[in-house]
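One structure is given below, encoded as structure tokens.
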Amino acid sequence: MDLLSSLNPQQREAVTSGDGPLLILAGAGSGKTRVIAHRIAYLIAERGVWPRNILAVTFTNKAAEEMRSRVSKLIETLEIGSTPLISTFHSLGVRILRREIETMNAGYTRSFTIYDQDDTVRLTRNIIRDLGMDDKQLTPRSVQAAISAAKNRGQDAESFAAQAHFVDERRASIARVFQLYEERLHQNNALDFDDLLIKTVRLLRDVPEVRERYNDRFRYLLVDEYQDTNQLQFGLIRLLTEKQQNICVVGDPDQSIYRWRGADITNILKFEEHFASARVIRLEENYRSTQNILDLAHGVIKHNVERKEKALWTQNPAGEKIRYYQALDAESEARFVAGKVQEHLRPDPDLRAAVLYRTNSQSRVFEEAMRRAGLAYNIVGGFSFYERMEVRDIIAYLKLAMNPHDSIALQRVVNTPPRGIGKVTLDEIDNRARELGISHWDAISDLLAEGRNVSPRAAAALANFQRIINRLGRLAAQVTSAETDDDDDEQGSGPTDRDDAETDYESTSPVSDLVKAAILDTGYENALKSENNDEAEGRLENLQELVNAAVDYDEQGADGLRDFIDHSALVADTDQYKADVPVTLMTAHSAKGLEFPLVFLVGLEDGLFPHSRSLSDASDIEEERRLAYVAMTRAERFLYITHAVKRRVYGEELASEPSQFLNEMPLELIDDLSRGRSWLSFARGSKSLEEAAGSLRYEYDEDYSSGSDSDEFPRRPAANKYGGKTYNSVDSVQEFFRRRDERFGSGHATRDQYQKSRPESARRNPAPNTLPATPSIVPGSYVRHSKYGRGLVLRREGSGDQTKVTVSFPGYGAKKLIEKYAGLEKD
DNA sequence: GAACTTGCTGAATTG
DNA sequence: CAGCAAGTTC
């Protein structure tokens, strides 16, 4: 059979293996995706399984897309009435919940809103403020991260709180935020990303009737990247396969890189315990990479202690050696990469290259280098289209059109573009909503009806806002009232069931028209147009793009708008990156599952890769190592590894040590392309002494280091930054006078000493260039202020009525005051 | 109320 | 360095 002819014996076995649990341990490049795609096709073509009884789950939209296209290619010749469902975990959750959530009787309706990261952080910020907590110490971001982590561990607000009290105050505070956070989500009929899984699991667990139905529906379940599933996903899988046990999972423990997100590697390690009589098939022949690339990657991954040894093999040739380059800094690293890409493209214009880095912030220099080299590139991740401010604003309007009580959306756009609703008015709305326990939308009506506490101007602006939203709401109602059959569980119910009259009534492009309305009627477009600069121009283009994206949903009838909004939340990375672009820039995480003939693994420095936040924990380091392994095994033919000797972090130059992973690589596989001496040349020279010496010391080439002093740059991860004192602190006030004295020849500290120890503050706190003009209030003297109390005068500038003095008040910091009005008294 | 300025603090990886 | 919040100015 020709479905199987292209497969090796193990792959064939994996594809044809019958019912029951099946674990496929598939090493990097062993044809994992192929096997799943073929297995799906085989189930349909050879075993007569109905496509709609098959569910394949992936982690990313990208992977789902890839799988869909492979499967459809394999079965395109078949006459089939349905298609298998290939979906991400989160989309699956949405799909099930949109239909079934009301059966839980938990107060949610099927028109729930999805809060993405941006929304949840906003919500968290509001809560922290409402609770009167200090959002300096508890940053919304970190609190939100803690909540998400807890939810992923399967904790709810109560159990988190129960643990928290004993630990510390910070956790107790987070617990309170957590509690309120959950309440508000519920109030707003909103789910965050984690809830998409949590609620689905709860639903399937608590409502037997629904569980049964989905067990019958999805008789064959396939899961990709199984090593990255967490407890929730595992629960979901369990519940969905309860009845038929037709579960096929594919994964590779060496590529488990999402432990930080709650992924539990024991899911794959204990698969055989979880599912009785499971079959295990290993795929260890690699089709992707050269032997040298595999050997290098294996050289690194074998350093992991918590690992079962396995060695990939390949029939591919040894290939080129791995190429290494030590760069002076991030810019020269990027220049090197761009240059090499050009070199490779000259003889081979179709070659695809990937630049893989540890953190998104590294992408910028590479972007610039590519642009300068005239190379077309695309970036995966980072700021995606749907995360752009203007796009999110318009989406917020759409959300409001469907549900004006969505307070998060309302707060986002109530005064965007500016329409005269200021802070005072917003606070008033906010307070009212909180006191009465109503939505912001209702609070506005309330406020207007009462007419108190709001200026006529603000009232007019609010009424205007109401009109805008009501109008959009009516449009949206037209879209959604065109009732279509939204249940694809019914076979063969085609669009012919639709009422013709209704079709006439309904506009032909309902979703995109609504998007246009949200751009025009809200004044958004006009506001951008009047800005009249390049940036606004770009934003307008993005909005045009958003309208284009909406067109895809016009055909879907009633669900189109809802789906479009869901899509905007769930499609996080720009999935549709064009394959015909020569260079792709992305994080090592995003590269999982992809392959490229030419790969650059960059920034191999201690504290960067492995990341500094992983250095203290052995199993975190192991995860970093697996990540490096994933990155290296993306390469088919050429692999470059680079690092820089210094790098800007927080705008400060820091010296970087080579990554420990470099030391773990078999050096004989590596060619050194660095100019002059490098880490590699040193490592080679001292290889024989290595064991005796214990530690590696090396020197940079003259070219790279202007002085002999190797401490010219502070080193990561010591993060040798000026210790957080501002010039408001007592220290720097003293510093100030030391400097001043020094200027006048009476200083204790020499200039050299000073600059060496405080280069930053020297720049931030320039010496005054005027001498005190009047004798009473001069720098160094103390004054008294009616509100701030006693303070130390720091500087004095200007003359006459314009004289300004800067005074440092304990507890209030430095204030700049007009002497004439400030009413300062000499203390 | 909104535009502008300044100072301060802080980033890992993702759906 | 950059994004954001508070402060300042018009």
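All values reported here derive from a predicted model rather than from experimental measurement. Reminder, nothing fancy here: chain letters follow the sequence lines and each chain counts from 1.
Sorted pairs that involve residues 137-146 of chain A and meet salt bridge (Lys or Arg N to Asp or Glu O under 4.0 Å), not counting sequence neighbours, are lacking altogether.
Using a 4.0 Å heavy-atom criterion, one finds that A:Q233 contacts no nucleic acid atom at all. Residue contacts shown for A:N415 are limited to sugar-phosphate atoms, with no base heavy atom under 4.0 Å away. Base contact: A:S614 has a heavy atom under 4.0 Å from a base atom. When heavy atoms are screened at a 4.0 angstrom cut-off, A:F89 is found touching no nucleic acid atom at all.
Classified by interplanar angle (parallel below 30°, tilted 30° to 60°, perpendicular above 60°), the ring pair A:Y357/A:F366 is parallel. Between A:W260 and A:H589, the ring planes lie perpendicular to each other; the angle is over 60°, past the 30° to 60° tilted range. Ring pair A:H567/A:F564 is parallel by interplanar angle, where below 30° counts as parallel and above 60° as perpendicular.
Atom pair A:L604:CG and B:dA12:C1' shows a separation of 16 Å (rounding to whole Å applied). The NE2 atom of A:H589 sits 9 Å away from the P atom of B:dT13 (whole-angstrom rounding). Counting to the nearest Å, the C1' atom of C:dC1 and the CZ atom of A:R647 are 15 Å from each other. What separates CZ of A:R364 from P of C:dC1 is a distance of 9 Å, to the nearest Å. Distance A:R141 CZ to B:dT9 C1': 13 Å, rounded to the nearest Å. Whole-Å rounding puts the A:L197 CG to B:dT14 C1' distance at 12 Å. A:D194 places its CG atom 9 Å from the C1' atom of B:dG15, with the value rounded to the nearest Å. Spacing between atom CG of A:L138 and atom P of B:dT9 amounts to 15 Å, rounded to whole angstrom units.
With a 6.0 Å radius and a threshold of 12 heavy atoms from other residues, nucleotides or ligands, A:R153 has its CZ atom above the threshold.
A sub-4.0 Å separation between OP1 or OP2 of B:dA12 and a side-chain N or O of A:T587 is absent. Taking 4.0 angstrom as the limit, A:N152 places none of its side-chain polar atoms (N or O) nearer than this to OP1 or OP2 of B:dG15. A close approach under 4.0 Å does occur between a side-chain nitrogen or oxygen of A:R125 and OP1 or OP2 of C:dA5. When the side-chain nitrogen and oxygen atoms of A:S361 are compared with OP1 and OP2 of B:dA12, none of them lie within a distance under 4.0 Å. An OP1 or OP2 oxygen of B:dA12 is reached within less than 4.0 angstrom by no side-chain nitrogen or oxygen of A:N360.
Here C:dC1 is the nucleotide among B:dG10, C:dC1, B:dT14 with the atom lying nearest to any side-chain atom of A:R648. Nearest to the side chain of A:P418, among B:dG15, B:dA3, B:dT14, sits B:dA3. The A:V424 side chain lies nearest to B:dG1 when the options are B:dG15, B:dG1, B:dA11. Which of B:dT13, B:dG15, B:dG10 sits closest to the side chain of A:T359 comes down to B:dT13. Distance from the side chain of A:E624 is smallest for B:dA12 among the nucleotides B:dA12, B:dG1, B:dA2.
Stacking between A:H90 and B:dG15 is absent: the ring centroid is not both under 5.5 Å from the six-membered base ring centre and under 30° in plane angle. By the 5.5 Å and 30° criteria, A:W260 is stacked with the base of B:dT13.
For B:dT13, the base has a donor-acceptor partner in the side chain of A:R358 [N/O atoms by modelled type, under 3.5 angstrom]. Donor-acceptor pairing under 3.5 Å, judged by distance alone, is absent between the side chain of A:D116 and the base of B:dG15. No hydrogens or angles were tested; on distance alone, nothing pairs the side chain of A:Y650 with the base of C:dA2 as donor and acceptor under 3.5 Å.
Residues A:D393 and A:T416 have side chains that never bring a donor and an acceptor to within less than 3.5 angstrom of each other.
Comparing C:dC4 with B:dT13, their P atoms sit 16 Å apart, to the nearest whole Å.
Taking for each of A:G651 and A:K423 the nucleotide of DNA chain C with the nearest heavy atom, the 5'-most of the two is the partner of A:G651. Between A:G420 and A:E623, it is A:G420 whose nearest contact on DNA chain B lies nearer the 5' terminus.
Note: A:S361 OG to A:Y650 OH = 9.5 Å, rounded to the nearest 0.5 Å.
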